[in-house]
Amino acid sequence: MTHAGRIRFTFSKNEILRKKKDIKELFENGSSFFIHPFKVLYLPYPAEKHHKVIFTVSRRTFKRAVDRNLVKRRIRECYRLNKYILQDNRQAKLSFSIAIIYIGKNVPDFAYINGKIIVILKKLSEISQKIS
RNA sequence: GAUGCAGGCCGUCUUAUCGCGUUUCGAUUAUUCGAAAUGAGGAAAGUCCGGACAACGCAGAGCACCGUACUUCCUAACGGGAAGGUCCUGGUAAAUUAUCGGGAACAGCCAGUGCCACAGAAAAUAUACCGCCUGCUGUUUCUUUAUGAACGGGAGGUAAGGGUGAAAUGGUGGGGUAAGAGCCCACCGGUCGGGGAGUGAUUUCCGGCGCAUGGUAAACCUUACGGGUUGAAAGACCAAAUAGGUUCUGCUUUUUUGCUCAGGCAAAAAAAGGGCUGCUCGUCCAAUUUCCACUUGUGGAAGAGUAGAAUGGGUAGGUCGAUGGAUCCGAGUGGCGACACUCGGACAAGAUAAAUGAUAAGAAUCUCACUUCUGGUGGGAUACAGAAUCCGGCUUACAGGUCUGCAUCUUUU
């Protein structure tokens with residue numbers, strides 16, 4: 001790949017969905033689908049620089065903060081490494097608010113999450129194309 | 001050397017690639033890029049105590065409520081810690097002492113009230129079931145015909161003995177007695193008074209008192225001491241858009257007709273500006289009121305409507321609070337110690353739907369299996385756990401390593 005078109009695997013603060021109002025809107029009005037062990041909520045809005053993501057792991061399934069953090073960090077890492085799949089479609093003039101909710105019971109390993117996240121992002125990409 | 005117990009300390013490391021938070025610097029510019037530095041714990045946990053800090057409240061005293069409870073000390077404070085005392089208890093020596101540990105909700109039940117299951121005669125102003133003893137009396141039998149013996153009845157005296165119970169009215173021994181009893185005596189225990197030691201809990205010595213009056217205060221209660229309430233979602237500040245409030249300025253608040261003595265009433269048209277679609281047209285909504293002056297249709301004031309500007313409160317959001325402190329490290333001095341003081345040095349996370357990570361390779365440690373056994377090969381494991389305003393404690397969790405002390409066993413000298 002050329003230097004200009006080089007994929008950057010960054011993931012900064014601005015790509016996290018962090019405003020309470022936006023999160024509320026996403027959970028009230030967003031569409032959803034399941035890809036085990038994840039539930040995905042998404043809501044399109046006019047294009048901005050980034051998609052906005054939030055990762056959620058239930059406190060009920062993982063009582064200890066260490067486990068919750070570990071799962072969230074692994075999911076975030078997978079998203080960071082694979083988000084180019086979704087960003088290819090940015091000329092569609094749409095961005096998404098996305099919530100990725102882990103509903104499994106055990107702590108999964110990296111490779112397993114990675115595969116699932118790729119599937120999720122491909123599906124979102126398709127949805128994006130359909131809407132535009 | 002091994003095992004056990006107690007206490008202290010540590011609690012994986014290295015490299016590569018890709019990332020994240022904060023700070024500084026440099027670009028670019030109005031949000032990005034680059035570089036450098038830095039970035040979880042001994043418990044960050046439980047949120048059980050105590051403080052700092054903040055807001056609110058507050059004349060003083062008492063009651064109520066809550067907490068604490070051997071003593072002295074440490075501390076900002078504590079329900080924490082240190083040292084000491086008393087009682088209970090384990091080991092060792094050994095013989096009721098010494099030493100090394102462990103435990104105690106360790107103030108007060110002759111201030112008052114309550115409660116004490118079952119069993120037992122009796123569980124609290126003591127009591128007589130069995131037993132023991134002494135009179136009286138009935139029967140039987142023997143007999144020396146006085147009386148004695150056995151078996152009953154009833155009266156009295158007995159807390160020695162039995163039995164019950166978690167607990168039975170000081171214990172052991174002796175005297176004493178009809179039988180018994182602190183009735184008397186010795187020792188032990190208790191209690192009261194005094195002297196000595198100690199800051200004190202307490203201890204020790206001497207003397208008096210035979211010393212009826214249980215247990216329970218994680219029962220009410222009494223005594224002493226302490227406690228204002230709410231918590232960082234506290235609290236302080238900045239503040240977009242929209243809709244209100246206030247102030248200033250501009251514009252509009254008009255005309256005609258009819259009825260009426262007048263006050264006024266009715267009708268028609270117009271109307272600043274606004275809505276419906278960005279413009280035009282069209283359509284709809286729209287204050288149109290009151291007072292004063294005179295030259296009697298003009299002027300002025302207030303009110304109403306509307307446009308613009310300024311401004312106050314305040315929402316989303318943001319900043320501070322918020323990381324330099326009862327701080328950490330080292331040395332010295334004082335103290336048995338907890339700890340205090342002095343000097344020198346160091347700044348060491350600051351997130352906010354919440355950074356401190358992921359992947360790969362290797363190393364280290366432990367462990368299991370196999371083996372050709374100074375070792376090698378392969379597999380597995382590397383705990384408990386993630387800052388959230390900050391400190392001091394307590395409690396709980398924890399693979400493995402390491403140090404110190406004590407005990408036991410073994411080996412060598």
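Naming convention: chains lettered A, B, ... in sequence-line order (proteins, then strands); numbering from 1 in each chain.
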Subject >> Closest non-hydrogen atom pair between A:Thr61 and A:Lys105, with its separation >> reply: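 Heavy atoms of A:Thr61 and A:Lys105 come nearest at CG2-NZ, 4.0 Å.
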Subject >> Side chain A:Asn82, main chain A:Cys78, donor-acceptor under 3.5 Å >> reply: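 Checking the backbone N and O of A:Cys78 against the side chain of A:Asn82, a donor-acceptor pair under 3.5 Å is found.
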Searching all strands shown, indicate the nucleotide that pairs with [N] (Watson-Crick or G-U wobble; both distances under 3.5 Å).
{"N": "B:C13", "value": "B:G362"}
{"N": "B:G50", "value": "B:C391"}
{"N": "B:A55", "value": "B:U229"}
{"N": "B:U377", "value": "B:A369"}
{"N": "B:A266", "value": "B:U257"}
{"N": "B:A2", "value": "B:U408"}

For [N], does the O4'-C1'-N9-C4 (purine) or O4'-C1'-N1-C2 (pyrimidine) torsion place it in syn, i.e. within 90° of 0, or in anti?
{"N": "B:A351", "result": "anti"}
{"N": "B:A364", "result": "anti"}
{"N": "B:G321", "result": "anti"}
{"N": "B:G195", "result": "anti"}
{"N": "B:G244", "result": "syn"}

How close or far is atom [atom2] of [N] from atom [atom1] of [X], stated in whole angstroms?
{"X": "A:Leu81", "N": "B:A360", "atom1": "CG", "atom2": "P", "value": "12 Å"}
{"X": "A:Asn69", "N": "B:U352", "atom1": "CG", "atom2": "C1'", "value": "14 Å"}
{"X": "A:Arg64", "N": "B:A43", "atom1": "CZ", "atom2": "C1'", "value": "15 Å"}
{"X": "A:Asn82", "N": "B:A358", "atom1": "CG", "atom2": "P", "value": "17 Å"}
{"X": "A:Tyr84", "N": "B:C18", "atom1": "OH", "atom2": "C1'", "value": "14 Å"}
{"X": "A:Glu77", "N": "B:C18", "atom1": "CD", "atom2": "P", "value": "13 Å"}
{"X": "A:Leu70", "N": "B:G386", "atom1": "CG", "atom2": "C1'", "value": "11 Å"}
{"X": "A:Arg59", "N": "B:A353", "atom1": "CZ", "atom2": "C1'", "value": "14 Å"}

Original post:
Roughly how far apart, to the nearest Å, are B:U17 and B:A37 at atom P?
Top reply: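 Their P atoms lie roughly 15 Å apart.
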Subject >> Separation of the P atoms in B:A224 and B:A64, to the nearest angstrom >> reply: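 Taking atom P in both B:A224 and B:A64, they lie 12 Å apart.
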At less than 4.0 Å, is any side-chain N or O atom of [X] found next to OP1 or OP2 of [N]? Yes or no.
{"X": "A:Lys72", "N": "B:A354", "value": "yes"}
{"X": "A:Arg73", "N": "B:G19", "value": "no"}
{"X": "A:Arg80", "N": "B:G357", "value": "no"}
{"X": "A:Arg76", "N": "B:G21", "value": "no"}

Original post:
Does the side chain of A:Pro37 come within less than 4.5 Å of A:Tyr102's, by heavy atoms?
Top reply: yes
Original post:
Do the side chains of A:Val53 and A:Tyr79 get nearer than 4.5 Å, heavy atoms only?
Top reply: yes
Subject >> Salt-bridge present (A:Glu77, A:Arg74; N to O < 4.0 Å) >> reply: no
Subject >> Lys/Arg cation over aromatic A:Phe33: A:Lys123, 6.0 Å, 45° cone >> reply: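 The answer is yes, since A:Lys123 meets both limits relative to A:Phe33.
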